[in-house]
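Just below is one structure, and these are the notes that go with it.
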Amino acid sequence: MRHSPPRPLRRLGAAWPWALLLCAAAQAQNATPQQGEQIANNGLPPSVASCTSCHGAKGQGMAAFPPLAGQGASYLRSQLDAFADDSRGNPIMAPIAKGLTPQQRADVAAYFASLPSGIAATPGQADAKNQGAWLVERGRMQDGIPACSNCHGPGGAGVGAHFPAIAKLSASYMQEQIDAWKKGSRPPGPLGLMEGIAKKLSSNDVNAIAQYYAGASGAAKP
């Protein structure tokens, strides 16, 4: 059977990195969500705090801490690995990730991936009078900015294993990540897309996108 890339990526005309996906799947298949749940809820005293103390009892996110529930296991694992090897800088997450073995990071990622995100994958409507709606649904191609929905899916619910859900991210968290990509202190992600896109987004753009998603069902207020 011939497999095709997710439809949003086909619209971009991008070559899907199947080798990367197969490798990630092979690494994740031995992950144990039950073990990950234990770490998420209890941590590994004394050096590793519980994930739920910052990210919520069911990974739903709290305040400045993003939701983890329903994100792809490969995506979560890659972020933990990036914190552990300092390719993604974060003074809170780095020591926690470093305190986990690769297997434990895979287990935690598998656990949060097994939880429902609570985000409905519902297509939105582009509105030329709403900056956020237009950027999410249409982008700004004259500036080389593709629609957020092309990679992050309808309703910002995420696509596949490596393109995360973004609907519940606050404006402040989004801006922190955009700034990190601009500075090169966060890996550029699949196909190296986000680093280039981030450099073209203004603070007003980011806030408008967050406000648009905040108005969607189940999204967090910025």
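Just the heavy atoms: all of them, side chains too, but no hydrogens, waters or symmetry mates, feed the values below.
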Looking only at heavy atoms, what is the nearest atom pair of [X] and [Y], with distance?
X	Y	value
A113	A73	CB-N, 3.6 Å
A198	W181	CB-CB, 3.6 Å
M174	A210	SD-CB, 3.8 Å
P146	M141	CA-SD, 3.7 Å
Y213	A167	CB-O, 3.4 Å
A64	Y173	O-CD1, 3.7 Å

Once rounded to the nearest 0.5 Å, what's the spacing between atom [atom1] of [X] and atom [atom2] of [Y]?
X	Y	atom1	atom2	answer
N130	L135	CG	CG	9.0 Å
L80	C51	CG	SG	7.5 Å
F112	T52	CZ	OG1	7.0 Å
I178	S202	CD1	OG	10.0 Å
L193	H162	CG	NE2	13.0 Å
I166	S149	CD1	OG	9.0 Å

message: Please evaluate residues R140 and D205 with respect to the criterion side-chain contact (heavy atoms from CB on, under 4.5 Å), reporting the C-alpha separation (whole Å), side-chain torsions for both, the decisive distance (0.1 Å), and the verdict.
response: CA-CA 10 Å; R140 194 165 62 233; D205 291 334; 2.9 Å; yes
For [Y], does its backbone N or O pair with a side-chain atom of [X] as donor and acceptor, under 3.5 Å?
X	Y	result
D107	T32	yes
N207	S203	no
D143	I145	no

Shared ILVMFWY cluster between [X] and [Y], side chains joined below 4.5 angstrom?
X	Y	result
L169	I197	yes
I39	Y111	yes
L68	F163	no
I119	L115	no

Please tell me if the side chains of [X] and [Y] come closer than 4.5 Å, counting only heavy atoms from C-beta onward.
X	Y	answer
R88	S185	no
N42	S50	no
Q104	T101	yes
K182	K200	no

- request: Could you walk me through whether R77 and D81 pass salt bridge (Lys or Arg N to Asp or Glu O under 4.0 Å), step by step?
  value: CA-CA 6 Å; R77 168 70 184 275; D81 289 345; 3.1 Å; yes
message: I'd like to know if K98 and D85 make a salt bridge, using a cut-off of under 4.0 Å between side-chain N and carboxylate O.
response: no
task: Quick one: do K129 and W134 satisfy side-chain contact (heavy atoms from CB on, under 4.5 Å)? Show the steps, please.
output: CA-CA 8 Å; K129 296 180 180 180; W134 196 261; over 6 Å; no
message: Just to verify, what does P188 make a side chain to side chain contact (heavy atoms under 4.5 Å, CB included) with, not counting sequence neighbours?
response: E195
query: For the side chain to side chain contact (heavy atoms under 4.5 Å, CB included) test, which of S170, C54, S53 pairs with F65?
result: C54
Residues S117, Q71; criterion side-chain contact (heavy atoms from CB on, under 4.5 Å); working and verdict: CA-CA 7 Å; S117 70; Q71 299 285 21; over 6 Å; no
- request: Might you work through the side-chain contact (heavy atoms from CB on, under 4.5 Å) test for V48 and L100, ending with a clear yes or no?
  value: CA-CA 8 Å; V48 176; L100 300 173; 4.1 Å; yes
If you look only at distance, which donor and acceptor atoms sit under 3.5 Å apart when one is on a side chain in residues 55-63 and the other is two or more places apart or in another chain?
unit_1 : atom_1 : unit_2 : atom_2 : d
H55    : ND1    : P66    : O      : 2.8
Q60    : OE1    : A57    : N      : 3.3
Q60    : OE1    : K58    : N      : 2.9

